[in-house]
Amino acid sequence: MDPFSFVSGNLRGWSSPDQDGEHAWHYRAPLYAALLRERSPALIGFQEFLETNHGDLESALPFHAWAMGRLCGTREYVPIYWDTRRFRSIRTESFWLNPWREIKAVGWDAQNERAVTCVELEDLETGNHLLVVNTHLDHLGEVARVRGARLILDFLEEWPQAMPIILMGDFNSSPYRPIRRTAFTPRTFGLFAVAGFMDAYRSVTGVWPPPATFHDYRGTEYVPDQHGTWYIDWPLTRNLRVLSAEIIRNPPGTHPVSDHYPVEAVVTYTGES
């Protein structure tokens, strides 16, 4: 039975030459498309994704369908893509992360509107059902991150406990320890861990403290990550077996695809080889 891969990545797809100079999305789009062609993931979760980004990446994803989810005030979505040769969509859901869920508004102490996208898929090879979730928690609001995580977990209780789940996102917090001089704490990760989710990357690498996924386009030269606090794009799984995982770093001397490294994992269903 064939395993399948998923990639989670924050595109910073809205950036322009005035904002990011040589790292503007216009210059990085071909690099991201090339990465997707090379990796050919069955599932993808993007963050900081604009509708126009789809056209830039479409040629690299000729067999993928997608669900965009809810639009946030920053013009971004948290879409999910799936390879239609392997998966068929059963149900899609999306809601905003605020006390009202169905009202487009900023929640709690967040700076921006935030949302979550969920797709229930049928695996055409096995008949298994799989739930894929993608989100982007707020970069400033600690209450918003914790309450948003609780909303997602409350929603996941609607599915059977044995349902295989992949949860991707830019969580803007680390499982390690607070980012210095900020309110970023490991509380958000702890909520998912208590609910039975496993960090796919660390489960197979055992790396501790975890390496940075956010690097501000500076790669290994990003000094603030000396203490593992910028590992904020942790991919989570439940009821799946993780076979391998990688933080996809660009080779030295080459342009990065984003200010976040994408993370890839290869998984199979529990009990399968």
Side-chain angles (χ1 to χ4, degrees), residues 1-11 31-32 35-36 38-47 130-137 145 149 164-180 184-252 254 256-273:
M1 193 173 299
D2 289 337
F4 57 91
S5 64
F6 68 88
V7 166
S8 177
N10 183 319
L11 289 184
L31 303 178
Y32 225 117
L35 181 149
L36 294 172
E38 176 189 356
R39 300 280 172 159
S40 190
L43 302 166
I44 311 164
F46 292 121
Q47 303 89 41
L130 170 72
L131 186 63
V132 184
V133 183
N134 185 31
T135 193
H136 186 188
L137 301 184
R145 286 190 293 272
I165 301 175
I166 293 170
L167 175 52
M168 297 179 274
D170 173 358
F171 299 97
N172 271 315
S173 58
S174 171
Y176 181 51
R177 68 184 189 186
I179 295 174
R180 293 180 295 262
F184 290 35
T185 75
R187 291 173 64 199
T188 304
F189 179 84
L191 290 170
F192 290 113
V194 168
F197 284 90
M198 180 172 61
D199 179 339
Y201 174 77
R202 289 190 298 122
S203 72
V204 292
T205 65
V207 175
W208 189 261
T213 53
F214 174 79
H215 57 92
D216 197 29
Y217 300 120
R218 287 182 279 172
T220 56
E221 297 179 1
Y222 191 58
V223 176
D225 191 60
Q226 292 181 87
H227 303 285
T229 50
W230 287 100
Y231 178 70
I232 62 175
D233 303 272
W234 16 279
L236 299 173
T237 62
R238 193 168 77 183
N239 299 321
L240 288 163
R241 180 183 173 198
V242 182
L243 302 179
S244 65
E246 178 186 357
I247 296 173
I248 306 174
R249 300 178 177 88
N250 56 294
T254 64
V257 296
S258 181
D259 58 342
H260 293 240
Y261 293 125
V263 184
E264 179 182 43
V266 178
V267 299
T268 190
Y269 300 103
T270 305
E272 303 291 347
S273 60

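A donor-acceptor pair is defined here as one N or O able to donate and one able to accept, closer than 3.5 Å; no such pair exists between the side chain of Asn239 and the backbone of Thr270.
Tyr261 approaches Ala212 most closely through the heavy-atom pair CD1-O, 3.6 Å. Shortest non-hydrogen contact noted between Asn134 and Gln47 is OD1-NE2, 2.9 Å. The two residues Pro211 and Val207 come nearest to each other via the heavy atoms CD-CG1, 3.7 Å. Closest approach of Ser174 to Ile232, counting heavy atoms only: N-CG2, 4.3 Å. Ser8 and Gly169 get closest at one heavy-atom pair: OG-N, 3.5 Å.
Under the salt bridge (charged side-chain N to carboxylate O under 4.0 Å, His left out) criterion, the residue pairs touching residues 186-197 are Glu142-Arg187, with sequence neighbours excluded. Within the structure, salt bridge (charged side-chain N to carboxylate O under 4.0 Å, His left out) contacts touching residues 203-213 (residues at least two apart or in different chains) do not occur. Listed by first and then second residue, the side chain to side chain donor-acceptor pair (under 3.5 Å) pairs that reach into residues 193-202 are Asp199-Arg202, Asp199-Tyr231, sequence neighbours excluded.
Note that CD1 of Ile247 is 12.5 Å distant from NE2 of His260, once rounded to the nearest 0.5 Å. Rounding to the nearest 0.5 angstrom, the gap separating the CD1 atom in Ile166 from the CG atom in Leu43 is 5.0 Å.
Applying the side-chain hydrogen bond (donor to acceptor under 3.5 Å, both in side chains) test to Ser258 and every residue at least two apart in sequence or in another chain returns nothing. A search for side chain to side chain contact (heavy atoms under 4.5 Å, CB included) contacts involving Val266 returns Pro3, Ser5, Leu243, Ser244, not counting sequence neighbours. With sequence neighbours excluded, the residues satisfying side chain to side chain contact (heavy atoms under 4.5 Å, CB included) with Thr188 are Leu137, Arg145, Val146, Ala149, Ser173, Phe192, Trp234. Listed by chain and number, the residues in a side chain to side chain contact (heavy atoms under 4.5 Å, CB included) with Arg238 are Gln161, Ile165, Ala195, Phe197 (sequence neighbours excluded). Among residues two or more places apart in sequence or in another chain, the ring-ring contact (aromatic ring centres under 6.0 Å, His included) test is passed with Phe6 by none. Shown here are the side chain to side chain contact (heavy atoms under 4.5 Å, CB included) partners of Val257, two or more places apart in sequence or in another chain: Leu31, Tyr32, Leu35, Pro262.
The side-chain heavy atoms of Trp230 and Tyr176, taken from C-beta on, include no pair separated by under 4.5 Å. Looking at heavy atoms from C-beta onward, Val7 lies out of side-chain contact with Phe46 at the 4.5 angstrom threshold. Here the side chains of Tyr217 and Asp259 are in contact, with some heavy-atom distance below 4.5 Å. The closest side-chain heavy-atom distance from Tyr269 to Leu240 is below 4.5 Å. Taking the side chain as every heavy atom from C-beta outward, Val263 and Met168 never approach each other to under 4.5 Å. Asp2 is not listed as a side-chain neighbour of Phe4, based on a closest heavy-atom distance of 4.5 Å or more. Side-chain contact check for His136 versus Asn172: some heavy-atom pair is nearer than 4.5 Å.
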